[in-house]
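When a ligand or atom number is given, it counts from 1 through the structure's own listing order. Numbering of residues begins at 1 and proceeds along the displayed sequence. These values consider heavy atoms only, across backbone and side chains, with no hydrogens, waters or symmetry-generated copies.
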Amino acid sequence: MRSEGSSMRHAAIIGWGAYAPPAVLSNDDLASVIDTNDEWITTRSGIKERRISHVTNSDMATAAARHALAAANLDAGDMDLIIVATCSPDRAVPSVAAYVQRELGGLGATMDINAACSGFVYALSVANGMIAAGTADRALVIGAERLSSFLDLEDRTTAVLFGDGAGAVVVEATDGPEGVLSSNLHSDGSLTEILTIRGAGTEGVFAADVPTTVDMEGREVFRNAVTRMGEGAVVAIDNAGLEVDDIDVLISHQANIRIIDATAKRLNVDPENVYTNIHAYGNTSAASIPIALSEAVDQGVVKPGSLVAMVAFGGGLTWGAAIVRWGDRVERLRTTDSRLPGTDKTGLELLADRVQGLGL
Ligand code: UT7
């Protein structure tokens with residue numbers, strides 16, 4: 001699927017925010033319960049620690065949304081649409097987006113999108129499309145995941161990779177030069193089995209022994225990710241009528257530092273303009289791009305007028321890219337001191353609460 005950049009009505013990002021659960025799970029913590037070590041995880045993936053949530057996915061999504069709405073100085077009642085990109089919803093029904101609306105208010109449309117780790121780029125593209133079509137003026141686009149619920153601690157190749165968190169943006173219709181200039185979304189359904197969580201859907205209802213944990217052929221995903229994500233980004237840049245060298249900032253899905261480095265090289269983006277936080281959060285799936293984007297704006301990596309490439313890949317196998325021209329404003333119009341209840345538990349203790357046989 002492709003969408004052309006133009007001066008026609010499209011979506012501009014006017015608010016941004018993130019929520020990272022406070023409980024940290026370090027590589028050494030993991031090495032105390034499974035056969036792994038900090039050196040392997042750091043050199044193979046770039047991950048040093050990740051967060052384990054003590055609250056639900058929708059609580060995290062709501063917290064991130066509050067920050068994004070404050071940054072835009074808007075309320076949820078101003079939103080025509082709330083989309084949450086997630087593959088780890090609280091329930092099958094209702095959507096996480098409906099829960100966010102329950103907490104924050106409003107009567108706009110709500111829906112979740114599952115494109116696994118590509119979900120945020122997909123959701124941003126859908127919101128942009130609805131804004132371009134005139135069916136929405138403003139939307140809250142959130143990526144939120146609680147993948148710690150699906151960790152298989154007997155599989156060290158996947159257990160060390162994932163973490164929890166949420167990020168959000170507020171988008172608004174504009175016909176100005178800023179905003180989503182193009183997007184490019186794809187999927188290769190022949191690769192469904194290389195990254196899957198079987199038992200969390202209805203398969204698990206019919207057969208009790210279907211595992212509810214992440215099952216991934218890491219090398220295959222890696223190989224496809226490097227090729228596909230780079231290709232998708234180049235097409236999106238071309239769709240926007242731009243050149244690869246025009247990209248100022250790369251916000252990649254945070255799955256593996258080696259994949260991010262390869263994509264940065266392909267897009268010729270200087271290392272200081274590649275925002276990475278994988279060391280702190282691991283792979284938070286659909287939440288990783290909006291968390292990274294929010295931090296990159298707050299830390300001055302995204303500047304007024306920056307051309308930002310957001311690129312992602314994930315289960316499906318899905319991949320996609322969105323090219324966004326940042327507007328003039330990089331400051332939050334408002335901040336919120338709204339807080340979720342804290343936890344006294346460590347990341348390891350929270351993990352033990354949901355993983356039997358952890359031996360704590
Ligand atoms: O968001 C999309 C989701 N997924 C991804 O992006 C993941 C993409 N894939 C990757 O990032 C990488 O493939 C991994 C980080 C998952 C694995 O890195 P790799 O370089 O492909 O390692 P490997 O799976 O080929 O394993 C190499 C060795 C194996 O030992 P032998 O067979 O060479 O003796 C593994 O058993 O490393 C061993 N190993 C570990 N050792 C210590 C695998 N996991 C671990 C571990 N600790 N956690």
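Across all their heavy atoms, V302 and V330 have their closest contact at O-CG1, 3.6 Å.
Given atom 14 (C) of ligand 1, the protein heavy atom at minimum distance is N256 ND2, 4.4 Å. In this structure, atom 40 (C) of ligand 1 lies nearest to the protein heavy atom W40 CE2, 3.3 Å. Taking atom 46 (C) of ligand 1 as the reference point, the nearest protein heavy-atom neighbour is T36 OG1, 3.3 Å. Protein heavy atom nearest atom 2 (C) of ligand 1, with residue, atom name and distance: F313 CE1, 3.5 Å.
For atom 35 (C) of ligand 1, the nearest non-hydrogen atom from the set E217, R156, R219 comes from R156. Between atom 4 (N) of ligand 1 and the options R258, M216, E39, R44, the minimum heavy-atom separation is to M216. When V221, L161, L195, I257 are ranked by how near their heavy atoms come to atom 5 (C) of ligand 1, first place goes to V221.
Only side-chain heavy atoms of N283 come within less than 4.0 Å of ligand 1; its backbone N, CA, C and O stay farther off.
In the vicinity of A255, heavy-atom distances shorter than 4.0 Å reach the ligand 1 atoms 1 (O), 6 (O). Contact atoms of ligand 1 toward C117: 1 (O), 2 (C) (distance under 4.0 Å to a heavy atom of the residue). Those atoms of ligand 1 that come under 4.0 Å of a heavy atom in V160, given as number and element, are 48 (N). Per-residue contacts place G218 under 4.0 angstrom from the following atoms of ligand 1 (heavy atoms of the residue considered): 8 (C), 9 (N), 13 (O).
Taking 4.0 Å as the cut-off, I41 does not count as a neighbour of ligand 1 on heavy-atom distance.
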Could you check E145 against T284 for side-chain hydrogen bond (donor to acceptor under 3.5 Å, both in side chains), going step by step and ending with a plain yes or no? CA-CA 6 Å; E145 299 279 18; T284 58; over 6 Å; no
Could you check R50 against N27 for side-chain hydrogen bond (donor to acceptor under 3.5 Å, both in side chains), going step by step and ending with a plain yes or no? CA-CA 8 Å; R50 69 288 290 142; N27 289 349; 2.9 Å; yes
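Side-chain contact check for D353 versus H54: every heavy-atom pair is 4.5 Å or farther apart. Residues R334 and L69 are not in side-chain contact: their nearest non-hydrogen atoms beyond the backbone lie 4.5 Å or more apart. A 4.5 Å side-chain heavy-atom check between R266 and M229 finds every atom pair outside the cut-off.
We find that R325 and E178 are not joined by a salt bridge, their nearest charged nitrogen and carboxylate oxygen being 4.0 Å or further apart. Taking the charged nitrogens against the carboxylate oxygens, D209 and R198 have no contact shorter than 4.0 Å, which rules out a salt bridge. Look at R332 and D298 and you find a salt bridge, because one of the NZ, NE, NH1 or NH2 atoms lies within 4.0 Å of a carboxylate O, short of that distance.
Atom 29 (C) of ligand 1 is not flagged as protein-proximal [any protein heavy atom, distance under 4.0 Å]. Within 4.0 Å of atom 32 (O) of ligand 1, not a single protein heavy atom is present.
Between W319 and H186, the ring planes are parallel. Angles under 30° get that label, and only those over 60° would be called perpendicular.
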